[in-house]
Amino acid sequence: MQRFTDIVSLREGVAAWRANGETVGFVPTMGALHEGHLTLVDEAKKRCNRVVVSIFVNPKQFGPNEDFNRYPRVVEEDAAKLATRHADALYLPTVDIMYPKGFNTAVHVGGVTEGLCGAARPGHFNGVATVVTKLLLQVMPDKAFFGEKDYQQLRTIQHLVHDLDLPVYIVPVPTAREQDGLALSSRNQYLSAHERTIAPTLYQTLQDCASRIRSGDPINRVLDGAKTHLLSKGFTKVDYLELCHNATLAKLAEYVPHHSRLLVAAFLGQTRLIDNIDV
Ligand code: AMP
């Protein structure tokens, strides 16, 4: 597996593949890789001749009181995992490369970024949209792979690629889960042993809400009951639990078959967990 730490050598590496007629897949990450990230790599390997994975803990997408400083950084472990999945290149830009002195541009996507995590984490999606735009323009892949685990992020990126005519196809990948249903996340390692036993309640609650909504129970009653249930099980705060249109992410007051997605964000102690499912 090749390693690139600057844009010029990355572009030379990608250009050499292209000169051979090979297609390029791209998986952007913040590292601390788990099986969820690695399923994106597997999917990219299936669909493209070459796969570039980036690891960059993007300061612009963390709020002032969030976990940027304590976010896990384990590049050598990550590199070993990527090698076992036959990734072709690891791109490791530094903060100075991504945001050199004088950097003063931001990408803002409207609409889909406004509610949910956008409301709870001001500035987060500007940070995401800005870094993903830069990474896509640096790597210039044919296809880029994003997890449904971060559903609002996926929709934001699909929007920006469409609106800015970026020549890349965005491939969504279903959420990888632990056996007990907990969505894999780099942040799960913050959970204490006790919190870890409570965490699967998030997915169970989503499934329970979905079946009640499908069977016609009133949305508000279902969602209010579910929030109370999460708090009674040990979650400390529910940022949101909403039924949304799966493309616009507008809040739905009624169930729309084939277009309804349930999304949740809740704190277990200091750790903020998110999840979502198709209804
Ligand atoms: P992150 O490192 O958290 O920024 O995530 C990098 C990519 O991996 C994003 O596209 C995420 O949506 C995706 N991802 C993270 N966790 C999972 C998961 N459990 N299943 C599928 N994709 C995931």
Side-chain angles (χ1 to χ4, degrees), residues 25-47 51-63 66-68 70-75 77-79 81-82 85 87 90-93 98 109 112-113 116-117 121 124-136 139 141 143-161 168-191 196 199-200 202-203 206 249 261 263-265 271-278:
F26 177 44
V27 179
T29 81
M30 298 204 299
L33 302 182
H34 50 63
E35 206 47 42
H37 297 112
L38 299 176
T39 59
L40 302 193
V41 176
D42 293 344
E43 198 56 36
K45 282 296 288 188
K46 269 191 232 154
R47 295 189 183 217
V51 174
V52 180
V53 178
S54 66
I55 296 178
F56 179 63
V57 186
N58 174 32
K60 288 195 188 290
Q61 71 189 70
F62 289 79
E66 293 184 351
D67 55 344
F68 176 71
R70 69 174 184 133
Y71 200 84
R73 289 160 171 89
V74 285
V75 169
E77 280 175 40
D78 290 343
K81 290 178 187 168
L82 291 172
R85 304 303 257 260
L90 176 56
Y91 177 41
L92 296 163
M98 292 306 277
V109 179
V112 291
T113 61
L116 306 168
C117 285
R121 304 181 68 188
H124 170 68
F125 286 114
N126 283 358
V128 169
T130 302
V131 81
V132 172
T133 303
K134 284 180 65 84
L135 288 166
L136 291 175
V139 179
K143 296 185 166 88
F145 297 77
F146 288 86
E148 288 182 352
K149 153 84 181 359
D150 301 278
Y151 195 77
Q152 192 175 15
Q153 168 174 286
L154 167 68
R155 288 304 193 196
T156 301
I157 287 154
Q158 287 176 321
H159 242 280
L160 91 80
V161 162
V168 56
Y169 181 72
I170 302 300
V171 183
V173 179
T175 303
R177 299 180 180 280
E178 300 281 6
Q179 291 222 315
D180 59 14
L182 176 64
L184 298 179
S185 165
S186 308
R187 290 189 167 101
N188 291 350
Q189 56 189 277
Y190 299 154
L191 298 171
R196 178 63 188 78
L202 201 60
Y203 180 54
L206 286 179
L249 299 187
R261 193 114 191 153
L263 301 101
V264 67
T271 307
R272 187 174 183 274
L273 299 179
I274 60 171
D275 203 347
N276 66 87
I277 59 170
D278 183 37

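The structure presented is a predicted model; accordingly, all values stated were derived computationally and were not measured. Whatever order the structure lists them in is the order used to number ligands and atoms, beginning at 1.
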For this session: Kindly confirm or rule out a cation-pi arrangement of Arg70 over Tyr190, judged by NZ or CZ under 6.0 Å from the six-membered ring centre and within 45° of its axis?
Result: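 That pair qualifies as a cation-pi contact.
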For this session: Check whether NZ of the Lys or CZ of the Arg Arg73 lies under 6.0 Å from the centre of the six-membered ring of Phe68 and within 45 degrees of that ring's axis.
Result: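 Cation-pi check for Arg73 and Phe68: passes.
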For [atom], what is the nearest protein heavy atom, given as residue, atom name and distance?
{"atom": "atom 14 (N) of ligand 1", "value": "Asp150 OD2, 4.1 Å"}
{"atom": "atom 10 (O) of ligand 1", "value": "Gly147 N, 2.9 Å"}
{"atom": "atom 23 (C) of ligand 1", "value": "Lys149 CB, 4.0 Å"}
{"atom": "atom 20 (N) of ligand 1", "value": "Ala176 N, 2.8 Å"}
{"atom": "atom 9 (C) of ligand 1", "value": "Gln153 NE2, 3.8 Å"}

For this session: Kindly state whether the ring of Tyr91 and the ring of Phe56 have centres lying under 6.0 angstrom apart.
Result: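 Here the rings of Phe56 and Tyr91 have centres that are no less than 6.0 Å from each other.
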Considering distance alone, does some N or O of [X] sit under 3.5 Å from an N or O of ligand 1?
{"X": "Phe145", "value": "no"}
{"X": "Thr175", "value": "no"}
{"X": "His37", "value": "yes"}

Would you find a donor on one side and an acceptor on the other, under 3.5 Å apart, between the side chain of [X] and the backbone of [Y]?
{"X": "Asp78", "Y": "Gly31", "value": "no"}
{"X": "Thr175", "Y": "Ala183", "value": "no"}
{"X": "Lys81", "Y": "Leu33", "value": "yes"}
{"X": "Thr39", "Y": "Gly36", "value": "yes"}
{"X": "His124", "Y": "Arg121", "value": "no"}

Hey, which atoms in ligand 1 end up nearer than 4.0 Å to a heavy atom of [X]?
{"X": "Pro28", "answer": "6 (C), 7 (C)"}
{"X": "Phe146", "answer": "10 (O)"}
{"X": "Met30", "answer": "1 (P), 2 (O), 4 (O)"}
{"X": "Leu184", "answer": "16 (N), 17 (C), 18 (C), 19 (N)"}

For ligand 1, which part of [X] has a heavy atom less than 4.0 Å away: the side chain, the backbone, both, or neither?
{"X": "Leu40", "result": "side chain"}
{"X": "Glu148", "result": "neither"}
{"X": "Ala32", "result": "neither"}

Exercise. Among side-chain atoms of Gln152 and Arg155, is any donor-acceptor pair under 3.5 angstrom?
Worked result: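 No, no side-chain donor-acceptor contact under 3.5 Å.
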For this session: Could you walk me through whether Asp67 and Arg187 pass salt bridge (Lys or Arg N to Asp or Glu O under 4.0 Å), step by step?
Result: CA-CA 10 Å; Asp67 55 344; Arg187 290 189 167 101; 2.8 Å; yes
